[in-house]
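Below, each value reflects all heavy atoms present in this structure, side chains not excepted, and no hydrogens, waters or symmetry copies.
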Amino acid sequence: MAALRALLPRVCGPMRPRLGCASLRPFASGAGFEYIITEKKGKSHNVGLIRLNRPKMFNALCSGLIAELNQALEIFEADPAVGAIVLTGGEKAFAAGADIKEMQNQTFQDCYSSGFLSHWDWLTRVKKPVIAAVNGYAFGGGCEIAMMCDIIYAGEKAQFSQPEILLGTIPGAGGTQRLTRAVGKSLAMEMVLTGDRISAQDAKQAGLVSKVFPVETLVEEAIQCAEKIANNSKIVVAMAKESVNAAFEMTLAEGNKLEKKLFYSTFATEDRKEGMTAFVEKRKANFKDQ
């Protein structure tokens, strides 16, 4: 949750009056969003692409943008043709934080009563895999949104930070929790307590991102990964995602029990039968998502 004025002084200078970000426009067949752009990608059009599109504000995460993001995620989640989702921003900024103008005058009572920022968590409840393709700034809420995704690919000029401490607050959308699980206590503590940034290369070395690509090829690389995932059985992919995510919530013994149950469950699917039969017959599997 980064203030653009405080965190990007050399880039954007003093903040101009905030662009309107209140109403959510109607959505129909992939059109009508104000703060995001959506489309289907891949040879089989089985990858949902969501691009944050508030460039003048470095994709600051206002309430309208988050509402549209959640709506797009719901649509792609319900689309049987889509097997994976890519979330990206622009080349200069994935998302440079929350919209501080929106939260500047919030009180404790406002935050507590309304469950402030709780609607950001919808991303974590999507069953289909989500890949974050991060170019440029991923600060505060932008870093938190990226960490809610299942895989993070970074452009070589990407920067990550949790600079809320510089604004007199702390991360509020999972920054202290997911960052610590991703990079370990020492680096997470340093980033949270100083507000310092880390580069894409340092993020990869620390385990925050899985791969780093040139800026201009990043999104295409993420789409190619999403295509690989989408070509597998969607129901089995969802089981695999559930099992991996459980590793962050359960003990090793509990996680192994869940994994076994999900593994056994795959034997109730037609896709498990097709996959093994295709392997024995030395042909490509034709999954039906059943």
Side-chain angles (χ1 to χ4, degrees), residues 1-27 30-39 48-73 85-106 116-117 119-120 122-123 132-149 152-164 166-167 169 171-173 175 195 197 199-200 214-216 218-220 222:
M1 297 177 289
L4 299 178
R5 179 173 56 188
L7 301 175
L8 303 174
R10 296 187 298 275
V11 180
C12 59
M15 230 178 180
R16 295 181 174 86
R18 180 171 58 88
L19 301 179
C21 196
S23 61
L24 182 62
R25 293 182 179 180
F27 176 82
F33 285 130
E34 184 175 358
Y35 306 112
I36 65 174
I37 298 171
T38 64
E39 56 184 315
L49 176 66
I50 302 173
R51 189 182 299 274
L52 307 182
N53 188 41
R54 203 181 174 212
K56 291 183 180 179
M57 302 301 290
F58 291 88
N59 291 334
L61 301 168
C62 63
S63 57
L65 188 152
I66 294 295
E68 290 187 356
L69 172 61
N70 291 347
Q71 189 177 0
L73 288 167
I85 301 166
V86 173
L87 175 62
T88 192
E91 288 191 359
K92 290 184 178 180
F94 173 74
D99 192 326
I100 302 305
K101 292 275 188 173
E102 283 192 346
M103 66 174 66
Q104 181 181 4
N105 297 318
Q106 294 270 1
F116 187 51
L117 299 186
H119 61 304
W120 286 35
W122 175 254
L123 183 55
V134 178
N135 267 322
Y137 306 119
F139 293 168
C143 188
E144 289 171 311
I145 288 289
M147 290 190 291
M148 291 180 197
C149 297
I152 304 178
Y153 279 4
E156 57 192 359
K157 295 182 180 180
Q159 297 181 50
F160 299 83
S161 74
Q162 294 293 162
E164 291 83 356
L166 305 177
L167 305 178
T169 187
R197 312 171 186 183
S199 67
V215 171
E216 60 274 10
L218 170 68
V219 175
E220 187 56 39

Suppose we screen for side-chain contact (heavy atoms from CB on, under 4.5 Å). Which residues come up paired with Glu156, at least two apart in sequence or across chains?
Gln201, Val212, Pro214, Val215

Taken in chain and number order and not counting sequence neighbours, the residues that satisfy side-chain contact (heavy atoms from CB on, under 4.5 Å) with Ala146 are Phe94, Ala132, Val134, Ile152

Could you check whether any side-chain N or O of [X] sits under 3.5 Å from a backbone N or O of [Y], counting only pairs where one atom can act as donor and the other as acceptor?
X	Y	answer
Glu102	Ser63	yes
Arg197	Ser161	no
Glu144	Gly175	yes

Please report the interatomic distance [atom1]([X]) to [atom2]([Y]), rounded to the nearest 0.5 Å.
X	Y	atom1	atom2	result
Cys62	Glu68	SG	CD	8.0 Å
Met103	Leu167	CE	CG	9.0 Å
Tyr153	Leu218	OH	CG	9.5 Å
Phe160	Tyr137	CZ	OH	13.5 Å
Gln71	Ile50	CD	CD1	10.5 Å
Asn70	Leu65	CG	CG	9.5 Å

Dump the intermediate steps for side-chain contact (heavy atoms from CB on, under 4.5 Å) on Lys101 and Met57, then the final yes or no.
CA-CA 11 Å; Lys101 292 275 188 173; Met57 302 301 290; over 6 Å; no

Passing option when Ile36 is tested against Leu52, Leu87, Asn59, Ile66 for side chain to side chain contact (heavy atoms under 4.5 Å, CB included)
Leu52

Is there a side-chain contact between [X] and [Y], using heavy atoms and a 4.5 Å cut-off?
X	Y	answer
Val219	Arg51	yes
Leu49	Thr88	yes
Phe33	Asn53	no

